[in-house]
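Down below is the structure, laid out as structure tokens.
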Amino acid sequence: MRVGAFSGAAKTRAAKLWLAKKRAVEAGTFASLTNYFHHRGHRETEGNAAKLVSSEDMKAQKTRVRFAPSPTGLLHVGNARTALYNWLFARHTGGDFLLRIEDTDLDRSEARHETQLMEDLRWLGLEWDEGPGVEGPHAPYRQSERLAIYREYTEQLLQESKAYRCFCTNEELEAERAKAVAEHRAQAYSGKCRSIDAERSAERAALGEPFAVRLRIPDHPLRFHDMVRGEVEFASDVVSDPILVRSGSGKTGGVPVYNYVVTVDDALMEITHVIRGDDHLSNTPKQVAIYQAFGWKTPEFAHLSMILGSDRERLSKRHGATSIASFREMGILPEALVNYLALLGWGAEGGTRETFSQEELTREFKLERVTASPAVFDWAKLHWLNRHYLKQAEPARLTELAWAYFEKAGWLPASDGSSAEIEAWFEMVIVLFLPALDQLDQLPEKAKFIFKFDAEAARADEENATLLATESAQKVLEAFAERVGSAASGSVTPEQFKAWMNEIKAETGAKGKELFHPVRIALTGAHSGPEFDKLIPVIETGSGLDLPVHVLSLRERVEQFLRA
RNA sequence: GGCGCCAUGGUGUAAUUGGUUAACACGCCGCCCUCUCAAGGCGGAGAGUUCGGGUUCGAUCCCCGAUGGCGCUACCA
């Protein structure tokens, strides 16, 4: 099924669903999540290091996690795995999984990427409880639509003098950085603008001098707890006062940056566990400082290691296809990909099982068992899992998935203009080649000889020519041609075929490869391929079908081959 | 340069969180099945846990250091 933009009906249904869920929650033990969160948030005094959510809190509180991609490109395996782990954690703990679009990079964010992203998530079976298309109590879920909210919080920080306006120019900052490197120091902002007094600062701003807003990093170490790495600590002097809001009067001027909005949103959306890629680990102290500035309690973190290519470099386009969309196009089944991604950085207790359905994963998945070390992406294992699920899949489903490849090749009619006979036959084709497939898009190449039999090429092949050069091969071919010539085109059954081969065996004395290879080459163009028992019906039935290309019957094949 | 994270066969993960002949899967190799190619069944090779110290009766596991890889060090996310 194709998942497109949401229809109005779907949207309404989703909203109703959410409402119903909300009522159920409110009626139950989690009576007032919002109040609870508020208490929690203000309980902690400024300057305190991040505290673990105690086990009591954990019990009382429903877990809430989010996947927060930026729509700047296609969803790739790394992010998909992050989404999956978030989803699994939410489902395992009975919590909520939210989708939030981080589109504060106005230059690179595109709506079509957002649409594609949601389609990919759905394809993987990762439905979100709140987010675009579903909505929820914390809407909007697109950061570009939350700018007014951030502005309010920035104002508060400025007023409390926890943040300050920075009037430094790019040149000044670059000079600072160069100096820091020369002196073997961390490249942290000097804090030059920290000391500008509030009145003067407001004045300069009013005069139209461009400024960014920076957070004042406190001078105590910034600590947080990470569920896969344990306690992590950063000294405050290596953490630069982070930019909260961009300067300038252009399109991006006044737009807050990632580190800031991610924190504000995670807090406002009551995220309890921030599960994300390793590349954010070094950003976390800045975010912790933001939580502290607001007096909000820090959530639990879980930083997932990177996925690497076979050269141990961060997986990228250089390593070939890595987008979820491309996997789908190749004919990797979503359950195979989900299973594979789950295994990339996580192992079930005991570690002896490899195949898990999404339900089984949900049951067994524990964040504590996620590995901290990076994992190398391995096509061979993905293919193994895909073959596994391909064999499990309903043939009808595969027929539907594979149809497009053949339609595109011009070998099958458009699926809506097809007949039940053709569909049934195509299913036979798929079953025939299934054991030899890593991914569905390999099917046309494997099945090519059925639709496009090339007698000349078969003859021309060197290996074939050698096999056919013997006297025995000639005799076998003649004997076979004689028999197939006497039968009606398209009428040969596997039984008939078997009987003929036995006769030819007796008649010519050829056996084994000697007997079968010439026939196989004449019929398929290659000396290896699927079993004749299954192949014969495919060819003969196919020859009687009304397809865009005529499938040659056994008889026609032999005739063409002898003429070639 | 600074800071952080990571380190078990080729690859992904296990190992009652100090006591194992270091396990499973993928891949590889071989055998069986078979006209062939796959699939399937059976078996095999492949790590002494990056290196060096320490703690301990005993370290894959705890501590320190080194090395290597990766990440961050952006008014990207």
Side-chain angles (χ1 to χ4, degrees), chain A residues 68-73 102-105 107-109 143 166 168 170 173 177 180-188 210-214 226 228-229 232-235 237-240 242-248 252-259 261-262 276-286 303 305-306 308 310 312-314 340 343-355 369 371-385 387 391 433-437 446 501 505 510-521 524 526-532:
Chain A
S70 54
T72 53
E102 312 246 329
D103 53 356
T104 53
D105 184 344
D107 293 330
R108 294 196 300 150
S109 297
Q143 292 184 325
C166 175
C168 292
N170 260 327
L173 295 174
R177 274 195 288 270
V181 171
E183 292 171 5
H184 295 202
R185 284 178 8 245
Q187 300 181 40
F211 64 90
V213 178
R214 282 186 191 268
D226 189 296
V228 349
R229 327 225 162 217
V232 184
E233 182 183 311
F234 287 79
D237 55 339
V238 303
V239 183
S240 207
I243 298 274
L244 266 25
V245 182
R246 295 174 171 94
S247 72
T252 60
V255 177
V257 302
Y258 165 80
N259 273 313
V261 296
V262 76
R276 79 222 313 186
D278 204 353
D279 46 339
H280 291 294
L281 190 62
S282 303
N283 286 323
T284 308
K286 293 176 183 170
H303 286 98
S305 60
M306 303 270 86
L308 274 27
S310 49
R312 297 220 147 251
E313 299 228 0
R314 185 187 196 155
Y340 179 65
L343 255 25
L344 214 54
W346 169 86
E349 216 170 318
T352 58
R353 260 185 65 206
E354 303 288 328
T355 57
R369 294 193 58 85
T371 338
S373 57
V376 173
F377 187 88
D378 181 20
W379 274 99
K381 187 141 186 179
L382 207 213
H383 277 151
W384 172 71
L385 278 164
R387 288 197 297 270
K391 278 176 240 162
F433 293 104
L434 205 51
L437 288 184
K446 305 261 182 204
M501 293 310 278
K505 183 179 177 182
K511 57 177 200 280
K513 297 182 190 182
E514 218 187 342
L515 173 66
F516 281 90
H517 273 170
V519 174
R520 188 175 275 287
I521 292 169
T524 71
H527 60 82
S528 69
E531 304 161 44
F532 280 119

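First the proteins, then the strands, lettered A, B, ... as listed; each starts at 1.
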Pick the [atom1] atom in [N] and in [M], then give their distance to the nearest Å.
N: B:rG48; M: B:rU21; atom1: C1'; result: 11 Å
N: B:rG27; M: B:rU67; atom1: C1'; result: 29 Å
N: B:rA25; M: B:rA47; atom1: C1'; result: 16 Å
N: B:rC26; M: B:rC64; atom1: C1'; result: 37 Å
N: B:rU8; M: B:rG2; atom1: P; result: 26 Å

ask   = Is a side-chain donor-acceptor pair under 3.5 Å present for A:Arg276 with A:Thr284?
value =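 Yes, a side-chain donor-acceptor pair sits under 3.5 Å.
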I'd like to know if [X] reaches the base of [N] with its side chain such that a donor and an acceptor end up less than 3.5 angstrom apart.
X: A:Arg229; N: B:rC5; result: no
X: A:Glu354; N: B:rG12; result: yes
X: A:Asn283; N: B:rA77; result: yes
X: A:Arg520; N: B:rC35; result: yes
X: A:Ser247; N: B:rC75; result: yes

Between [atom2] on [N] and [atom1] on [X], what's the gap in Å once rounded to a whole number?
X: A:Met501; N: B:rU34; atom1: CE; atom2: P; result: 16 Å
X: A:Leu434; N: B:rG40; atom1: CG; atom2: C1'; result: 14 Å
X: A:Leu437; N: B:rC37; atom1: CG; atom2: C1'; result: 13 Å
X: A:Asp107; N: B:rC75; atom1: CG; atom2: C1'; result: 12 Å
X: A:Lys286; N: B:rC76; atom1: NZ; atom2: C1'; result: 12 Å
X: A:Asp278; N: B:rA7; atom1: CG; atom2: P; result: 11 Å
X: A:Ile243; N: B:rC75; atom1: CD1; atom2: P; result: 5 Å
X: A:Leu385; N: B:rG27; atom1: CG; atom2: C1'; result: 13 Å

Starting the side chain at C-beta, find the nucleotide from [options] nearest to [X].
X: A:Pro435; options: B:rA38, B:rA77, B:rC37; answer: B:rA38
X: A:Arg108; options: B:rA77, B:rU36, B:rC26; answer: B:rA77
X: A:Lys391; options: B:rA77, B:rG12, B:rA39; answer: B:rA39
X: A:Arg314; options: B:rA77, B:rG71, B:rG27; answer: B:rG71
X: A:Ser282; options: B:rA77, B:rG71, B:rG27; answer: B:rG71
X: A:Gln187; options: B:rC26, B:rC75, B:rG1; answer: B:rG1
X: A:Glu313; options: B:rA7, B:rC70, B:rG27; answer: B:rC70
X: A:Val257; options: B:rU36, B:rA77, B:rU11; answer: B:rA77
X: A:Glu531; options: B:rC35, B:rG12, B:rC72; answer: B:rC35
X: A:Leu344; options: B:rA74, B:rC75, B:rG12; answer: B:rG12

Just so I know, are the side chains of [X] and [Y] near enough to count as touching, which here means a heavy-atom distance under 4.5 Å?
X: A:Phe211; Y: A:Val245; answer: no
X: A:Val232; Y: A:His303; answer: no
X: A:Asn283; Y: A:Val262; answer: no
X: A:Glu354; Y: A:Trp384; answer: yes
X: A:Phe234; Y: A:Lys286; answer: no

It should be established whether [X] places a side-chain nitrogen or oxygen under 4.0 Å from OP1 or OP2 of nucleotide [N].
X: A:Thr352; N: B:rA23; value: no
X: A:Arg177; N: B:rG2; value: no
X: A:Arg312; N: B:rU11; value: yes
X: A:Arg369; N: B:rA15; value: yes
X: A:Thr104; N: B:rA77; value: yes

What heavy-atom pair brings [X] and [Y] nearest, and what distance separates the two atoms?
X: A:Phe433; Y: A:Lys446; result: CE2-O, 3.4 Å
X: A:Ser305; Y: A:Ala375; result: OG-N, 4.4 Å
X: A:Ser310; Y: A:Val376; result: CA-CG1, 3.7 Å

Please classify the nucleic acid contact of [X] as base, sugar-phosphate, or nothing, using heavy-atom distances under 4.0 Å.
X: A:Gly351; value: base
X: A:Gly277; value: nothing
X: A:Phe532; value: base
X: A:His383; value: nothing
X: A:Leu281; value: sugar-phosphate
X: A:Ser528; value: base
X: A:Gly529; value: base
X: A:Thr371; value: sugar-phosphate

query = Ring of A:Phe516 versus six-membered ring of B:rC35: centres under 5.5 Å and planes under 30°?
reply =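 Yes.
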Electrostatic pair A:Asp278:A:Arg314 at N-O distance under 4.0 angstrom =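 Salt bridge flag = no for A:Arg314 with A:Asp278.
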Chi-angle category of B:rG48 [syn within 90° of 0, anti beyond] =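 You should classify B:rG48 as syn.
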query = For A:Val232 and A:Ser305, take the nucleotide of RNA chain B holding the closest heavy atom to each; which residue's nucleotide lies nearer the 5' end?
reply =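 Nearer the 5' end of the strand: A:Val232.
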key: Watson-Crick or G-U stems of RNA chain B, 3 or more pairs, under 3.5 Å, by first number   =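 Counting only runs of 3 or more consecutive pairs, the stems involving RNA chain B are B:1-7 with B:67-73, B:10-13 with B:23-26, B:28-32 with B:40-44, B:50-54 with B:62-66.
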inquiry  = Can you classify the ring geometry of A:Phe377 versus A:Trp379 as parallel (below 30°), tilted (30 to 60°) or perpendicular (above 60°)?
reply    =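 If you compare the ring of A:Phe377 with that of A:Trp379, the planes turn out perpendicular.
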